[in-house]
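Since the structure comes first, as structure tokens, the remarks are kept for the end.
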Amino acid sequence: MENKFIISGNMARDAMLNRNGDKVNCFFTVGVNRANGGADFISVKAFKSLAESIAKALKKGDSVEVEGHIATSSYEKNGQKMYSTDLIADKVRKLPRGEGRGETAVEVVNG
């Protein structure tokens, strides 16, 4: 089996770009509608040139499609072991706003 996920939704916040020496990453959240009317907010991480492209091209409110894989990690915070589950982006596409305008999706980055 392959660990592959594709989500589409709206950027819930601008991507936060981080640089540490030659390491570059960004974090952002995508709001995804549920069939029953609620929403899930999915944490997404990207690395290297993909992270830089996302930070430059996308902003809060943009409609996006993210293709990637799930990664879990743990860390300590105030003596407590914390766990996180993130979508690691491999590809990101900015989707057109609204329907029926004849617009097409734009490939922002391809990892």
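One is the number of the first residue; the rest follow in order along the sequence.
- Put simply, the side chain of Asn3 gets close to the backbone of Ile70: a donor and an acceptor are under 3.5 Å apart.
- Atom OG of Ser63 sits about 9.0 Å away from atom NZ of Lys94, to the nearest 0.5 Å.
- Remark: Ser8 engages Glu65, Leu95 in a side chain to side chain contact (heavy atoms under 4.5 Å, CB included) (not counting sequence neighbours).
- From Asp86, atom CG reaches atom OG1 of Thr29 across 9.0 Å, with rounding to the nearest 0.5 Å.
- With sequence neighbours left out, the side-chain hydrogen bond (donor to acceptor under 3.5 Å, both in side chains) criterion links Lys77 to no other residue.
- Contact between Phe41 and Ala12 at its shortest, heavy atoms only, is CD2-CB, 4.0 Å.
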Distance-only donor-acceptor pairs under 3.5 Å for side chains of residues 55-62, two or more places apart:
{"residue": "Lys59", "atom": "NZ", "partner": "Asp62", "partner atom": "OD1", "Å": "3.4"}
{"residue": "Asp62", "atom": "OD2", "partner": "Lys59", "partner atom": "N", "Å": "2.8"}

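- Taking Asp14 as the reference, nothing meets the side-chain hydrogen bond (donor to acceptor under 3.5 Å, both in side chains) condition, with sequence neighbours excluded.
- Pairing each heavy atom of Asp90 with each of Gly68, the nearest pair is OD2-CA, 3.4 Å.
- A search for side-chain hydrogen bond (donor to acceptor under 3.5 Å, both in side chains) contacts involving Ser73 returns Ser84, not counting sequence neighbours.
- Residue Met82 shares its hydrophobic cluster (ILVMFWY side chains chained together at separations under 4.5 Å) with Tyr75.
- Every residue two or more places apart in sequence or in another chain was checked for a side chain to side chain contact (heavy atoms under 4.5 Å, CB included) with Asn78, and none qualifies.
- A continuous path of Ile, Leu, Val, Met, Phe, Trp and Tyr side chains, each step under 4.5 Å between heavy atoms, connects Val44 with Phe5, placing both in one hydrophobic cluster.
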Donor-acceptor contacts, no H, no angles, side chain residues 15-23, under 3.5 Å, sequence neighbours left out:
{"residue": "Asn18", "atom": "ND2", "partner": "Asn25", "partner atom": "OD1", "Å": "3.1"}
{"residue": "Arg19", "atom": "NH1", "partner": "Glu52", "partner atom": "OE2", "Å": "2.8"}
{"residue": "Arg19", "atom": "NH2", "partner": "Glu52", "partner atom": "OE2", "Å": "3.3"}

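- In this view, Thr72 and Thr85 satisfy the side chain to side chain contact (heavy atoms under 4.5 Å, CB included) rule, not counting sequence neighbours.
- For residues 27-39, the set of pairs meeting the salt bridge (charged side-chain N to carboxylate O under 4.0 Å, His left out) definition, not counting sequence neighbours, comprises Arg34-Asp40.
- In plain terms, the two heavy atoms of Ala89 and Ala46 that are nearest each other are CB-CB, 4.2 Å.
- Hydrophobic clustering, with ILVMFWY side chains joined whenever heavy atoms are under 4.5 angstrom apart, keeps Val66 apart from Val24.
- In this structure, Phe27 and Arg13 approach most closely via the heavy-atom pair CB-NH2, 4.2 Å.
- Under the rule for a salt bridge (charged side-chain N to carboxylate O under 4.0 Å, His left out), the partners of Glu67 that lie at least two apart in sequence or sit in another chain are Lys4, Arg93.
- Within the hydrophobic cluster formed by Ile, Leu, Val, Met, Phe, Trp and Tyr side chains joined at under 4.5 Å, directly or through other members, Ile88 is accompanied by Phe47.
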